[in-house]
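Just so you know, ligand 1 is whichever comes first in the structure, and atom 1 is the first atom listed for that ligand.
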Amino acid sequence: MTDAVTQDTGVEGAEEPAALTDGIHLVVDALKLNGVETIYGVVGIPITDLARLAQASGIRYIGFRHESDAGHAAAAAGFLTQKPGICLTVSAPGFLNGLVALANATTNCFPMVQISGSSERHLVDLQRGDYEEMDQLAAAKPFAKAAFRVHRAEDIGRGIARAIRTAISGRPGGVYLDIPAAVLGEIIDADRGAASLWRLVDPAPRQLPQPEAVDRAIDLLSGAERPLVVLGKGAAYARADEPIREFIETTGIPYVPMSMAKGLLPDDHPQSAATARSLALRKADVVMLVGARLNWLLGHGDAPQWSPNAKFVQVDIAANEMDSNQPIAAPLVGDVGSVMEALVERSKPGRINAPAQWREELAARSAQNVTKMAGRLKAAETAHPMKFLGALQAIRDVLKDNPRAYVVNEGANALDLARNTIGMSVPRHRLDSGTWGVMGIGMGYAIATAVETGDPVVAIEGDSAFGFSGMEIEAVCRYNLPIVTVVLNNSGVYRGDDPSSTADPAPTALKARHDLMIQAFGGKGYQATTPAEVATVLREALAAGVPALIDCVIDPADGTESGNIAHLNPKGITAKH
Ligand code: ADP
Ligand code: TPW
């Protein structure tokens, strides 16, 4: 607990001055009581003293240049630790900057809490034009899993308890907690304050599936000719690596990992159908989704990407996720760990055996695709100017020798090609643009990953993607974090050779020497023009364990518009694709 404020009562002969505390102390005490170790934020009125006190009390405070980066950091911390990451913002504009990240975290099912100071309620609610006036609670509600406001210092403990439990129980998400300046400054009796705080008991309880639901799924899977498991980032978050592996290996069912589930089983696992993905999806007759939604990233489960006769089993903690896109023949509502353990147990001995013919068909297609890809990779090795695939192969080789390193990845081509080129062998070591395909997560995710794990991070960034959070390279240097940012710089959004029809640069054009940026902040900047240079400097930077940025000069003509998802662009008469 932090020191309470004491106040002289001024009464002659009074025995002891009353011990007092205030809203700021109570916020810090409540967070500490609930195990919060780090706050990510940007300071200003009315939360600067809150950040100072948190730091002085032993909570690590990581200060950012922009709230959306602090928010993305909190979200990544939530994903990596199963404890809500905490983001601290100032009123109105700071709050709104952070809200993007809160919404993104909610979309990705990552637990975080955005705590924001806000202006005076009696002024805000009558719209009298207060400093940074905004009804933040109303603004946050549609974008968060839940939003709460504390009106009295004595409710701070309750508000924090409610926010934390809501963020991590059930389907994780982003929670907004509004604390007006007046409440932060409110002085109350220290004993009453201390008594108003509590520590959460079992904030994210396990949720066991019904045995009959488990048997229904087993029956369906055991009768399948072409079963397939799809692992999603909910499975990665659940930390149920062992039962997942056991179920997959004992049943022999091929699996496809979604991007952030890569590494749950090593990408070179013999049952991975990642390199025969299209065939696996198109032909599977029973599909088991494990912590993965049947959203746009999986073509909504529709033909022709999937067989129109495919039957779905879905493992998810959110009951209302079932049937959101396709009928779910065997819903398994529960946490991934409990469900997978029940599946392993109840499918013994050998009730499910994936047919060998199906496994062989996928293996044959994988071999064909790998051979095809080998040609592209080979050509990229020597191409000059450097291609995405040239730089990425170099990064892949260095990462193989640095298995502890985490990968953060965003961009369009930089995302699609890195995902396919760089195999992951360890769970939860890849964080990327996620469900929204959002740009701007890069430095926030990288910073939180380095802070929370202490391990090195390689952030593989498109040059446009990097720009969204690029100023945080200063925070990387200020905290001396072991983050190597690799910018795949093809001088543009998607590509850098679009002609312009006016004297201005094309809408997609960009131009920057990112390696010079980091030098301004005391970090190591490199420019690399060949795959060999990329490998050499990446090895050097990782070995040094200090902030570094490698600007890889990529052929501006390399890359396709929107990467793999060009088909989502509108196809009007002006369409270029
Ligand atoms: P991906 O993008 O990798 O396909 P999604 O984000 O679409 O994954 O899906 C994640 C799913 O995982 C969400 O529907 C969420 O409710 C679910 N989920 C998150 N945590 C758990 C958990 N511990 N147990 C079960 N399901 C979970
Ligand atoms: C918050 C739209 C999708 S991908 C992308 C943008 C701007 C950048 C692609 O260029 P980059 O990568 O990063 O140089 P590469 O490898 O193809 O050259 N604003 C937000 N999110 C998204 N997704 C966009 C805009 C977009």
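Only the side chain of Thr435 comes within contact range of ligand 1, with a heavy atom under 4.0 Å; no backbone atom does. Contacts between Val230 and ligand 1, counted as non-hydrogen atom pairs separated by less than 4.0 Å, are absent for every part of the residue. When heavy-atom distances to ligand 1 are checked against a 4.0 Å cut-off, Ala292 comes that close through both its backbone and its side chain.
A donor-acceptor contact closer than 3.5 angstrom is absent between the side chains of Asp558 and Asn490.
Annotation: side chain of Leu417 is in contact with side chain of Arg376 (closest heavy-atom distance under 4.5 Å).
Ranking protein heavy atoms by distance to atom 4 (O) of ligand 1, first place goes to Met258 CG, 3.3 Å. Nearest protein neighbour of atom 2 (O) of ligand 1, counting heavy atoms only, is Lys233 NZ, 2.7 Å. In terms of protein heavy atoms, atom 5 (P) of ligand 1 is closest to Arg293 NE, 3.4 Å.
Ion pairing between Asp219 and Arg216 fails under the 4.0 Å rule for side-chain N and carboxylate O. Between Asp241 and Arg428, at least one side-chain nitrogen of the basic residue sits less than 4.0 Å from a carboxylate oxygen of the acidic one, meeting the salt-bridge criterion.
Surrounding NZ of Lys571 are more than 12 heavy atoms belonging to other residues, nucleotides or ligands, all under 6.0 Å away. Counting heavy-atom neighbours within 6.0 Å of Lys311 NZ, excluding the residue itself, gives a total of 12 or less.
Residue Leu298 has no N or O atom closer than 3.5 Å to an N or O atom of ligand 1. When only interatomic distances are considered, the shortest N/O to N/O separation between Val336 and ligand 1 falls below 3.5 Å. Backbone and side-chain nitrogen or oxygen atoms of Asp316 are examined, and one is located within less than 3.5 angstrom of a nitrogen or oxygen of ligand 1.
Ordered by chain and residue number, the residues placing a heavy atom less than 4.0 Å from ligand 2 are Phe388, Gly411, Ala412, Asn413, Ala414, Gly437, Val438, Met439, Gly462, Asp463, Ser464, Ala465, Phe468, Asn490, Gly492, Val493, Tyr494.
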With a cut-off of 3.5 Å and sequence neighbours excluded, list every side-chain donor-acceptor pair involving residues 253-260.
from: Tyr255; atom 1: OH; to: Pro266; atom 2: O; distance (Å): 3.4
from: Ser259; atom 1: OG; to: Asp432; atom 2: OD2; distance (Å): 2.6

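The aromatic rings of Tyr406 and His429 lie parallel to each other, their planes meeting at an angle below 30°, with 60° marking the opposite boundary.
The closest donor-acceptor contact from the side chain of Asn489 to the backbone of Asp463 lies at 3.5 Å or more, if one exists at all.
Of the listed options Gly173, Gly337, Gly291, Gly334, Gly291 places a heavy atom closest to atom 9 (O) of ligand 1.
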